[in-house]
Amino acid sequence: METICIPVPLAAITIFRKKILSWYKLHKRVLPWRDTGNPYHVLISEYMLQQTQVARVMPFFLRWIEKYPDLTSLAKSKQGDVLALWNGLGYNSRAIRLRESAIKIVNGHNAIIPSDYNTLKKLPGIGDYMASSIPAFAYNKTLPVIDINIRRVLIAEFQLPPDIPNESLKPLALSCIPKNKSAMWHNALMDYGAAMAMTVKKSIPPLTKQSRFTGSFRQVRGKIIKLLIEKGKMSLNGLQASINDARLEKALEALLDEKLVFRKGTTYRL
DNA sequence: CTCCAGGCTG
DNA sequence: CAGCCCGGAG
């Protein structure tokens, strides 16, 4: 794995740490999944926070831990109930994958959320970011966590090219982590990054671009899920009457393929 | 229009 | 690699 070597003087890192930590002392966000010492809370929040702002996640998270207070209760849940509770957050596949992960962790890991990158990476819906963030936030493990916030903070602080790959950022990110303070440090970086001026954010765009939502295929999918939650189950005719869109049947087919929706005789349900 | 504690599939 | 997955706020 080839990575660009970034020469950064130790003194610069010391200054950087002080800047971030003193800022954090004044502007720390109080979030319900922080400092609870509960890895399950971290797991739930990280799934919910994928491409979704903190403010939007908050009420969903609180509702979630009320209904599914621990991993075991989630592992015993019905998929339809999980989708209904998730509805409104977006990217419904995350809910399916979260539930699948809960089942796998209960059955294969004694209901203990794994603390190492490689084990986590194998779970559905957990990629490079989450395989790092869970060890860091839930177990205070020292490893680089790079989301869009931290990425921008590092690029801005050390004057790096805006399109630098995350892999090239990792050695620097690792060397910045204060000893035994991984969880706090990454929380601080994220709060700092989230608070950065929009002009700075726009000057360091994400590595990938989102496709439009309005008029998109997935907008139709979202409507189908919402209707099935409301009505319990619906026929194709019923769906067509409620959703006047030429792409309805194809959207339904895709949802069936992904097992977000099931066909029961002549009706569809979650 | 763009943003967001990303990840999966082809 | 590109394209796709949801949805509300700025």
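Source: prediction; values computed, not measured. Just so we're on the same page: letters track the sequence lines, and every chain starts at 1.
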Enquirer: How far does the P atom of C/dC4 sit from the matching atom of B/dA5, given to the nearest Å?
Expert: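 Going atom to atom, P in each nucleotide, I get 24 Å.
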Enquirer: Rounded to whole Å, please give me the gap between CD1 in A/I204 and C1' in B/dT2.
Expert: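 Value for this atom pair: 16 Å.
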Enquirer: Answer yes or no: is there a side-chain heavy-atom contact under 4.5 Å between A/K233 and A/K264?
Expert: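 Side chain of A/K233 against side chain of A/K264, heavy atoms only: no contact under 4.5 Å found.
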Enquirer: Can you tell me how far C1' of C/dC5 sits from CZ of A/R247, to the nearest Å?
Expert: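 Atom CZ in A/R247 sits about 14 Å away from atom C1' in C/dC5.
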Enquirer: To the nearest Å, give me how far apart CD1 (A/I150) and C1' (B/dA5) are.
Expert: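 Distance, rounded to whole Å: 8 Å.
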Enquirer: Report yes or no: is there a donor-acceptor pair, N or O only, under 3.5 Å between the side chain of A/Q210 and the base of B/dG6?
Expert: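 Yes, the side chain and the base share a sub-3.5 Å donor-acceptor pair.
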Enquirer: Say you pick atom P in B/dG7 and the same atom in C/dG8; how far apart are they, in whole Å?
Expert: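 The same atom, P, in both gives a distance of 23 Å.
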Enquirer: How is A/W33 classified with respect to the nucleic acid when contacts are heavy atoms under 4.0 Å: base, sugar-phosphate, or nothing?
Expert: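 If one applies the 4.0 Å heavy-atom cut-off, A/W33 turns out to touch a base.
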Enquirer: Of all the nucleotides listed (B/dC4, C/dC6, B/dG7), which has the minimum atom distance to the side chain of A/Y129?
Expert: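 For the A/Y129 side chain, the nearest candidate turns out to be B/dG7.
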Enquirer: For A/D147 and B/dG6, what is the distance between atoms CG and P respectively, to the nearest whole Å?
Expert: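 Atom CG in A/D147 sits about 5 Å away from atom P in B/dG6.
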Enquirer: When rounded to the nearest Å, what value does the distance between C1' atoms of C/dC6 and B/dT2 take?
Expert: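 The same atom, C1', in both gives a distance of 15 Å.
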Enquirer: Check step by step if ring-ring contact (aromatic ring centres under 6.0 Å, His included) holds for A/F158 and A/F16.
Expert: CA-CA 9 Å; A/F158 298 106; A/F16 177 50; 5.1 Å; yes
Enquirer: Closest to the A/R56 side chain: C/dG7, C/dC5, B/dC4?
Expert: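 Closest nucleotide among those given: C/dG7.
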Enquirer: Which atom pairs link the protein and nucleotides 8-10 of chain B when you take only N or O atoms and keep those under 3.5 Å?
Expert:
unit_1: B/dC8; atom_1: OP1; unit_2: A/G125; atom_2: N; d: 3.1

Enquirer: Name the closest nucleotide to the A/Q50 side chain, picking from C/dC5, B/dT2, B/dG7.
Expert: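 The closest nucleotide is B/dG7.
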Enquirer: Would you say the side chain of A/N92 lies within less than 4.5 Å of the side chain of A/E258, judging by non-hydrogen atoms?
Expert: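 A/E258 vs A/N92: side chains apart.
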Enquirer: With heavy atoms under 4.0 Å as the rule, sort A/L31 into base, sugar-phosphate or nothing.
Expert: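 Touches a base.
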Enquirer: Using a cut-off of 4.0 Å on non-hydrogen atoms, how would the nucleic acid contact of A/R151 be classed: base, sugar-phosphate, or nothing?
Expert: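 The residue A/R151 makes no contact with any strand.
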Enquirer: To the nearest Å, give me how far apart NE2 (A/H41) and C1' (B/dA5) are.
Expert: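 Going from A/H41 (NE2) to B/dA5 (C1'), I get 17 Å.
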Enquirer: Using whole Å, report how far CE of A/M190 lies from P of B/dC3.
Expert: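 It is 18 Å, rounded to the nearest whole Å.
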Enquirer: Do any N or O atoms from the side chain of A/R151 and from the backbone of A/P165 form a donor-acceptor pair under 3.5 angstrom?
Expert: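 Not confirmed, A/R151 side chain does not pair with A/P165 backbone.
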Enquirer: ring-ring contact (aromatic ring centres under 6.0 Å, His included) for A/Y192 and A/H27? Distances and angles first, verdict last.
Expert: CA-CA 8 Å; A/Y192 189 87; A/H27 302 100; 8.9 Å; no
Enquirer: Is a side-chain donor-acceptor pair under 3.5 Å present for A/D147 with A/N149?
Expert: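 Side-chain D/A pair, A/N149 to A/D147: present.
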Enquirer: Measure from the side-chain heavy atoms of A/R152 and tell me the nearest of B/dG6, B/dA5, B/dC4.
Expert: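 My answer, after comparing the listed nucleotides, is B/dC4.
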Enquirer: Considering every strand and a 4.0 Å limit on heavy-atom distances, what is the contact class for A/G88: base, sugar-phosphate, or nothing?
Expert: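 Touches sugar-phosphate only.
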Enquirer: Using a 4.0 Å heavy-atom cut-off across all strands, classify A/M198 as base, sugar-phosphate, or nothing.
Expert: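 Since no nucleic acid heavy atom lies under 4.0 Å of A/M198, the category is nothing.
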Enquirer: Please tell me which of the listed nucleotides, B/dC3, B/dG6, C/dC4, lies nearest to the side chain of A/Q53?
Expert: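 The listed nucleotide nearest to A/Q53's side chain is B/dC3.
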Enquirer: For residues A/I224 and A/A251, report the shortest heavy-atom separation together with the two atoms involved.
Expert: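 Result for this residue pair: CD1-CB, 3.9 Å.
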Enquirer: C/dC6, C/dC5, B/dC4: which one has an atom nearest the side-chain heavy atoms of A/L260?
Expert: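 Selected nucleotide (nearest to the side chain): C/dC6.
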Enquirer: Just call it for A/V145: base, sugar-phosphate, or nothing, with non-hydrogen atoms closer than 4.0 Å on any strand.
Expert: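 No contact.
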Enquirer: To the nearest Å, give me how far apart CG (A/L255) and P (C/dC6) are.
Expert: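 Going from CG in A/L255 over to P in C/dC6 covers 7 Å.
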Enquirer: Output yes when a side-chain donor or acceptor of A/T52 lies under 3.5 Å from a complementary backbone atom of A/Q50, and no otherwise.
Expert: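 Side chain of A/T52 to backbone of A/Q50: a pair is present.
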Enquirer: Ignoring hydrogens and angles, tell me if any N or O in the side chain of A/R99 forms a donor-acceptor pair with the backbone of A/S77 under 3.5 Å.
Expert: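 Side chain of A/R99 to backbone of A/S77, a donor-acceptor pair under 3.5 Å: yes, one is there.
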Enquirer: Write down the distance between CZ (A/F217) and P (C/dG7), rounded to a whole number of angstrom.
Expert: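 For the pair A/F217 CZ and C/dG7 P, the rounded distance is 14 Å.
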